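These notes are about the structure you will find just below.
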Amino acid sequence: MKIRAGFVSNSSSTSFLVIADGDLDLKGFLDLMGIDGKSPLVPLFSTLHESILENSRHPVDFSQVDPNVPLKDWFTDLRNELTPRMIVKLEDARRRGLKVYHGQLSTESNNVECFFCTDSFEAENDRLYINALECSF
Amino acid sequence: MRPSELARVAWRNHRPPGLTRIWQLARVGLLGVKLGAMTRSQALADIRQALARLCTEIRLDNAAGYLSQNKLLENLILPVLRVVLNAPGLQNANAVTINQAHIDLVDAKQKLAVQVTTTREASKITGTLKGFIEAKKHRNIRTLKFVVFADPSPNYRSATTAGWKRICRGKLAFLPAQDVIDLDGLFRLIDNLSHAKLVKVRNIIAQSVVGTEYIDVAAAIAGQAGRQVEDEKASGKYIPDVFVETSSAKSQARLFLHPFLFFERILDRCDRRRLPLLNRLLQRCGLAPIPMPDRTRYGHDGTWAALMAAADRLATDLTAIEMTVAAYAAIEHGKPPPTTAKPEGRHYYAENAYRIKNWVDATNEWIGEMREELKILRSRVFILTGKAGQGKTNLVCDLVERFVLRHGIPCVYFTGLQLGRVSADLPDHIRKTLFKDKVPAFEDAVRFLGDHAAERKQPFVIFIEGLNEHTRLAEFSGQLEELIKAAVRHPSIRLFLTCRSEYFEQRFGTLRHAPFASDLHVLESAEQRMGEDERARMVTGYFKFFGINPAHVADHAAAALGKDTLLLRFFCEAYGPLRNPAGYQMPQITHIYRAQIFDFYLKTKLRFAVAARNRLPGLPTVRGTEANLFEVIKLIVGHMVNHRKFADVPLSAIPADKETDLHVLLGEDIVIRRDPVNNPTHLGPTRDVLNFTYDEFRDFLIARYLIDHVYSQGQQAFLDFLAAGANGAENISEGVKRFLFYWSRAPENAAFWQFYSTQQAYAESYPEEIFSIDEAHLDANDRQQVRQIVEVGDKTACRVARRLIPRLPSRYPLLNLELLIETVAARDDAFHAILIEPIFSPIYDRLERQSAVEAFCESIEKRILPQLNPATHQVIFDFLPMLLPIEPKPGLESPGMSAIRMFVATAPAVCINGLLRSLQYGITRHRPYVWRLLTEFIPQLLDPAATRTMAAAALGTATTATALEINRFLARIPAP
Amino acid sequence: MIIATAMNAYLLFFKQPPSRAEFLRRTRARPDTYAAELMGDLHDEVFRNCVELRREYQRYYAVEYPRFSDFTANFRYFPEQLQPKADAYFARYKVIIPFGSHGWIYQDEEGLRLLAKVFRLTPKSL
C-alpha cells in the first residue's frame, strides 16, 4: 500500500538488496540510515532492520560460497530481474567477498514493513549498501 | 486678485468666476444657448459647486473619510483628466503595474504621467521629480504633470521652479507653468473645452462623490437582500436550521461571490502542492523538473483587471506544468525512459518509473481542480440547478444571510416568482427598484453598482432564485439574456441564479449558447452527495422547524425522509403541527409511503385553502368545501388527461361557477399556479393557463385519475392512454407510472393490479418502486421476483441489491439483506465482482468524504452497535465478510478489514460468527481475508478447537492465497 | 497535543510549532541521510501541505462563522467528541493541523508514539 503524497496506492511489496561487509548488525544499519542510538527513530529503523533479516531467507555470503556458480543463480527468488546496476553491485560484492541479504518487504506484514513498502530509497557507505527501490505490483 | 481667490469668491456668491471666457460663456448660457440638454453656464456652475465642495472637504482634512485619495482618483479625477488632458488612455498607474512610486496616473501611449496631490508644499513636487529621475522613469515618460487640489492655490517661488528645472535638465522637459496644474489652471483647461466635452466633464463631476447627482449605491441597496431573506423565512421556504452544507456547491459559491478573498485561497492551495517531491523524484531519475507555480507572480493591486490578469498568469503557469507533465504521461514500468533522460538517472528511473506514472495522474488531477476553481473565479454568472425540493432556496438564503451580508458584499436578491408579478422588463425593474428614477437607464445603474462594488474589492451580485418560478418563462428567458448581456459589460457585476434542472435545459438552455456562454458556470446540485450524518442533521432541522416530535417518527422512517428532500418537505407540511390546526395530534409514523404522504399533503393543503378562503371578507354565502376545491383539481387533471398534455391547462377548462374555488386554490399558490403564456403565433392576446406547482404532485394526481376515471371506463381506454406517447402525444412521465404502480399495489385496487401487473409499464417500475410498498402488501412472489432481478447481475440488479442492504429481516420479512446474502452466497466470485463490488466501489470520488464501505460501516457503528441485538443484527455481520475483498488493489488491507477489526472490539461474538458463517458461502475471494482476521482474533474464538479443525479441513480446497492465511492461522493457534 | 481521530488521521495541536531545522535536530537524523529525508518530508507535509485550521479560519471563514467551533463543525474537521472543546483549543493552541498520515508514517500505537516524540506533543485519546 504505497501512498506518498496521498496519491495512488498500488504496490504490495518492495524488493530489497543489502550488501554488507560481514553481518548486517543494527548499529551499522542505524548509522547508514542516518541516526544514532538516542534518536526517537530507533524503534522505526530497528523494526525495519529486523524485517530485513527476517525476510532475507537465503542470504548469500560470497566469502563462503562457490565462486563458480553464475551470479544470477543466487538470486532466482527475487521477483524482478536484476537491473544492470544491481548486477554491477553484486559482481563487486562477489569480488570482495561481501554478504548479500535480499528479499521482499510486504504490506501484508507489520506496520513498519508496510510503511517502507510505500517508500523507495537507496543508501550507501563504505560498509553497507541498501537498495529498496523496486516495487513489485 | 489671483484667479484662485477670484474663483473662491465667485463660488461663494454662486456666480461664475472672474475669468473672462467663463463669464462670456456663462452669459451665452444665460442667454439660452443650449449645449445638448444643458446650457454651458449651467454646466460650469455645476462644476464650480462640486469642486468647491471638494476643496472644502480637502481643507477640512476630511480626505480620509469617504473622500479617500483612491476614491477621488478613480471616481473623479481620472475621468475628468482623461477629458481635460485629452488622454483617453489615462489609467490608474497601480492598475498597470504594481507599486508605481511617483506616479498616480499614466497614459503609456502618450507617454504621459500625472501625480495628483492635495498638498501645497513645493517639497512634494521636488521629491517626486527627484524620485522620478532617479528611477529613470523619464525613459518611458515624456511628460509629467502635477495636479494640485489645494485651496488656496499654491504660489511657488521662482527659485523653487528653477530648482525643478535643474532636477529635470536634459532628462525631462518639465515646464512648471504648464505642468503644475492648480485649481485655477484646471478651470482654465475646462473652460477651453468644446461644449460636448464640457458637458461630459460636468456629468462626471456631478455624478462623482462630490456631485449633486451622486448616487449613494450603498443606501439604495441597503437591506434589500436581508429583507428578502426574512421574507423567505417567513414564508417557510428558507428554514435556516435545516441548511446543511454539503458537496462543493457552497465552496464554489464562495469563490464566485468573493473572488478577491478566495483567490488567495487558491494560491494557498498552490503553496500546499507537493510538486517539490515530484521534482526530487524526476531529478533522481535524470528527468527535467516541472516548472513550479511562483506565488510572487500572482499578486495584484485589488482591481478587477489586475485580479483577472493574476488569475490568467496562474492559468498560464498551470498550462506549462501540464505540458511538462504530459511529456511523462507515456512512462511505463519496464520501458525505456524518455530520450531526454540523463544517463546517470537510468538505474533510479528503472526502479521508479511507476512512481512517476502515479505522480502524473495525481498532478493532472490537481491541475484540473485548480483550473476549475479559476474558471469559477472568472465566471460572471453562476447557475445552480437541481431537482425540486433539493434545497436551492435554502442554499441561496444561507449564502446571502451568512456569507454575502456578513462580508458586506453588495447585492440584491429577487425571486423568479416576484419578477413574474412585475410587468416591467427585468433590467428596468431592477433599476427602478434600486434607484427609482434617479438613474435613467439600466446601463447607468450597472455602472453605479459596479463602481460601488469595485471600490470595495467585491463584486455586485444580483441573485435571482427560482428562475423557473417566473410565470412567463418564454418572455423571462429573453429578458434574462438581455440582463446578463448588459451586466457582464461591467467587470464587477455578477449574477447568481438558481433553477430547476429540467426547466433550465428546456427554458433557459439558450443561455448556454449566448455570447456570454463562456462566462457561465452551471452547477448541478447533488443531493446524493450528503453523508448519513448530514442527512440526519437536515431531518432534525426540518422536524424542529415544523414542530415534529422525533419520537413520533420511527428512525428508519426518518432516515428514508433524509434521502428525499422534497418528500421530507411534503411530509413536514402534511404532518407537522406548524401547518395543522391547534390541538392537532400527530400520528405515530412507522413507515414512509410516498403516495400516502402525497395524499395527506393534498388534504392538508385543501384544508389550509378552505381556512384561507373562510378568512376572506365579503365572499358569497356559499363557502367552498374541501370537496369543492378537489373538484377543481379533478377538472384540471381531467383536462390534462383528455388532451394528453400535462401542462398549461386553459382557464376556460374551469366552468364559471367554479371560478371562486379556483381562485382560492390559486391564492394559496401551493397546489396549482396560474401562468400567462404568449400566443405561440406572437399575434393576438396573452392567455392565462393553469399548472401544478410540483410536477411530482401532478403525476400523483394523474395516476389517481387514470385509475378512477379512465381504467373504470374500460381497459382499452387505459391502454390507449399508456400507448399514446408512441403516437406523438406527450408521453406520460415516469412519475405517473410510479404512482400507478403504488396505487396498483394497494389492496383495495386488487382488480386493477390483476390487469396492470401484466403491463410493460408495471415491469419497468417494479425494481425501483417495489421497495416503497408496505411489506404487508407484499408476498413470497415478490421475494422470488426480486431474487430473479438480482440474479441477472446487471445495473438494475445492483440498484436492487443496494435497496436490499439496509433492510433487516426483523423489520422487512420479505425483501431484505438476508435475501441478498442468500443470492450472492449461492453464486461464484465473478457474480460477487459484478454485483457487490460496484456498490461498494473502492474508488473515492474527490467530493465524497469517505468510501462506500466506510460510509456503510460508519452507519453500522452509529445505528447498530449502540443497540446491538445478535438475534436481529447477525445478518449484517454475515454480510460484512462480503465486503472484505473490496479494495483498490489486492493487499489484504481493505476498508472492510479495518471495519471488522473495529467492530470485534465491541461485538466479538457476532463478528466472529459472521466470519465463520461466511466460510460456507459459495464465493471464495473473501476467504484469505477471513482467515487473516481469524488469526488476529484467535484469543476471542469461542471454540478454537473446532475452528482449528475447520481450518485444517479447508486447506485441501483452498486457493494459494487462502492456504497461506490458513497456514498462518494454524501456526498461531495453540495445538489441541 | 496529538490525537488519533481515525485510521491514518491525526489532529496536531501546537503551542509553538518547531522550525524545520529544530525538528530535524530533535529527530537526531544526520543531514543528507535517508532518515533526514524521511523526517524532512514529514515536516514539510505537516507544515506546508496540510491545512492549518486557525489560519484557514481567520483568513477565510471568521466573517462567516462567528466562532471557531462553528467553522470546525461545518467542515467536520473535528470528530464529534472533540467538537465541544473546539473553542478552547482555539484559545490554547497557536497551530492546529489535521494530518492524514497515510504514506508519511505508519499507523499504530508505535507510529503515534513516534509522531508525539518527534513533534514533542502529548498523545491524548479521543
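Computed from a predicted model, the values in this text were never measured in an experiment. By convention in this document, chain letters (A, B, ...) are assigned in the order of the sequence lines, proteins followed by strands, and residues within each chain are numbered from 1.
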Would you say C/Q81 has more than 12 foreign heavy atoms packed within less than 6.0 Å of its CD? yes
Taking everything shown except C/R59 itself, do over 12 heavy atoms lie less than 6.0 Å from its CZ? yes
Working to the nearest 0.5 Å, report the span between OG1 of C/T33 and CG of A/L30. 11.5 Å
Chain C shares the most heavy-atom pairs under 4.5 Å, among A/N125, A/I130, A/D31, with A/D31
Rounded to the nearest 0.5 Å, what's the gap from CE on C/M39 to CG on A/L44? Could you check? 6.5 Å
Quick one: does C/R30's side chain have a donor or acceptor within less than 3.5 Å of a partner on A/D36's backbone? no
For the student: nearest non-hydrogen atoms of A/P40 and C/L114, plus distance: O-CD1, 3.2 Å
Side chain, backbone, both or neither: which part of C/R113 has a non-hydrogen atom closer than 4.5 Å to chain A? neither
With side-chain contact (heavy atoms from CB on, under 4.5 Å) as the test, would you mind laying out the steps for A/L41 and C/L38 before giving the verdict? CA-CA 10 Å; A/L41 303 179; C/L38 201 65; over 6 Å; no
Where is the tightest heavy-atom contact between A/I35 and C/A35, given as atom of each residue plus distance? CG2-CB, 3.8 Å
Parallel, tilted or perpendicular for A/F121 and C/Y34, by the 30°/60° rule? parallel
